[in-house]
Amino acid sequence: MDIRLGNGFDVHRFEAGDHVILCGVTIPHDKGLQGHSDADVGMHALTDAIYGALARGDIGQHFPPSDPQWKGAASDIFLRHAVALAAEMGFRVNNADVTLICEKPKIGPHAEAMRARLGQIMGMEVDRLSVKATTSETLGFTGRGEGIAALATATLVPL
Ligand SMILES: Nc1ccn([C@@H]2O[C@H](COP(=O)(O)O)[C@@H](O)[C@H]2O)c(=O)n1
Ligand SMILES: C[C@@]1(CO)OP(=O)(O)OP(=O)(O)OC[C@H]1O
């Protein structure tokens, strides 16, 4: 069987604000995330993992940050595009795993809502979607609270 594996990584910087959007879920916070789109770092990493598995470039190639069309865009547009491209190429996402790296906000209380939202967008069972988090033990830019990083892995299998 032609099984595909892809990974994605993304970072967004904190800016002044009162909420962040992570894996499609709005979380009240004492800062916001800066980005051309809604800065959903988790969804961007997952989208890139799918493009990676397909060997079809990355999110910035499909949705250039220089294009005003994507200013403030909801990131489910990007994820839906990657899933649709997979289907066009004869694949479906088999499972995916997203890790969010930040000291704050705490992800645990929101992880189930994130899995549910990703499942809804991707047309997938929640059982095949994982969202988890770690701090970086106060080290580095995530540890200093300057931004949030996200890692994602996805496997794709033939339709
Ligand atoms: N933003 C975060 C970071 C961590 N968690 C949860 O806390 C656990 C312990 O984190 P360590 O970095 O000390 O290993 C982690 O396993 C997560 O369950 C979180 O919810 N949100
Ligand atoms: C998502 C896009 C959309 O223009 O913009 P950003 O929100 O800045 O996010 P990034 O993770 O830097 O990926 C690049 C772009 O594709």
Side-chain angles (χ1 to χ4, degrees), residues 6-86 88 93 95-122 126-154:
N7 65 66
F9 174 72
D10 195 23
V11 171
H12 280 266
R13 177 191 292 275
F14 279 124
E15 64 177 10
D18 59 10
H19 70 278
V20 294
I21 300 174
L22 297 171
C23 294
V25 173
T26 300
I27 303 174
H29 192 49
D30 58 1
K31 295 171 192 163
L33 286 172
Q34 195 180 90
H36 182 59
S37 67
D38 65 2
D40 188 334
V41 62
M43 213 178 282
H44 294 178
L46 177 54
T47 301
D48 257 352
I50 299 169
Y51 289 136
L54 296 169
R56 285 296 180 277
D58 61 39
I59 192 169
Q61 290 171 359
H62 293 280
F63 301 98
S66 52
D67 186 340
Q69 205 185 150
W70 312 121
K71 179 84 191 137
S75 293
D76 65 286
I77 294 170
F78 315 136
L79 182 57
R80 286 179 204 280
H81 176 268
V83 171
L85 181 61
E88 273 171 40
V93 180
N95 80 300
D97 181 21
V98 179
T99 302
L100 298 166
I101 305 164
C102 56
E103 305 297 318
K104 289 190 285 185
K106 281 291 169 203
I107 303 302
H110 306 282
E112 291 311 307
M114 293 178 185
R115 293 173 70 211
R117 180 65 185 135
L118 293 177
Q120 191 181 44
I121 294 165
M122 299 170 79
V126 168
D127 269 3
R128 291 173 179 272
L129 292 167
S130 158
V131 177
K132 58 197 197 303
T134 186
T135 68
S136 53
E137 299 289 348
T138 75
L139 298 171
F141 71 86
T142 53
R144 291 189 295 270
E146 294 168 3
I148 299 182
L151 292 163
T153 305

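Order of appearance sets the numbers: ligands from 1, and atoms from 1 within every ligand. What you are looking at is a predicted structure, and each value in this text was computed from that prediction instead of being measured. Only this structure's heavy atoms are used, side chains among them; waters, hydrogens and symmetry mates stay out. Heads up: numbering here begins at 1 and tracks the sequence.
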If you look at each N/O of ligand 2, which protein N/O atoms lie under 3.5 Å away, and at what distance?
{"from": "ligand 2", "atom 1": "4 (O)", "to": "Phe63", "atom 2": "O", "distance (Å)": "3.0"}
{"from": "ligand 2", "atom 1": "7 (O)", "to": "His36", "atom 2": "N", "distance (Å)": "3.2"}
{"from": "ligand 2", "atom 1": "7 (O)", "to": "Ser37", "atom 2": "N", "distance (Å)": "2.8"}
{"from": "ligand 2", "atom 1": "7 (O)", "to": "Ser37", "atom 2": "OG", "distance (Å)": "2.5"}
{"from": "ligand 2", "atom 1": "8 (O)", "to": "His36", "atom 2": "N", "distance (Å)": "3.0"}
{"from": "ligand 2", "atom 1": "9 (O)", "to": "His12", "atom 2": "NE2", "distance (Å)": "3.3"}
{"from": "ligand 2", "atom 1": "9 (O)", "to": "His44", "atom 2": "ND1", "distance (Å)": "3.3"}
{"from": "ligand 2", "atom 1": "11 (O)", "to": "Asp10", "atom 2": "OD1", "distance (Å)": "3.1"}
{"from": "ligand 2", "atom 1": "11 (O)", "to": "Asp10", "atom 2": "OD2", "distance (Å)": "2.7"}
{"from": "ligand 2", "atom 1": "11 (O)", "to": "His12", "atom 2": "NE2", "distance (Å)": "3.2"}
{"from": "ligand 2", "atom 1": "11 (O)", "to": "His44", "atom 2": "ND1", "distance (Å)": "3.0"}
{"from": "ligand 2", "atom 1": "16 (O)", "to": "Ile59", "atom 2": "O", "distance (Å)": "3.3"}
{"from": "ligand 2", "atom 1": "16 (O)", "to": "Phe63", "atom 2": "O", "distance (Å)": "2.7"}

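- Residue Val131 is tested with Glu112, His110, Met114 for a side-chain contact (heavy atoms from CB on, under 4.5 Å); the sole match is Met114.
- Looking only at side-chain heavy atoms (C-beta outward), His19 and Ile21 come within less than 4.5 Å of each other.
- Here the side chains of Val20 and Lys31 are not in contact, with every heavy-atom distance at 4.5 Å or above.
- Residues with a heavy atom under 4.0 Å from ligand 1: Cys102, Glu103, Pro105, Lys106, Ile107, Gly108, Ala133, Thr134, Thr135, Glu137.
- To the nearest 0.5 Å, atoms CG (Leu46) and SG (Cys23) are separated by 7.0 Å.
- In this structure the side chain of Thr142 never reaches within 4.5 angstrom of the side chain of Thr135, judged on heavy atoms.
- Atom CD1 in Ile101 sits 11.0 Å away from atom CD1 in Ile107 (nearest 0.5 Å).
- With a 4.5 Å cut-off on side-chain heavy atoms, Val83 and Ile121 do not count as touching.
- Sorted by first and then second residue, the pairs that involve residues 33-51 and meet side chain to side chain donor-acceptor pair (under 3.5 Å), not counting sequence neighbours, are Asp10-His44, His12-His44, Ser37-His44, Asp38-Ser75, His44-Ser75, Tyr51-His81.
- Arg80 meets the salt bridge (Lys or Arg N to Asp or Glu O under 4.0 Å) test with Asp76; sequence neighbours excluded.
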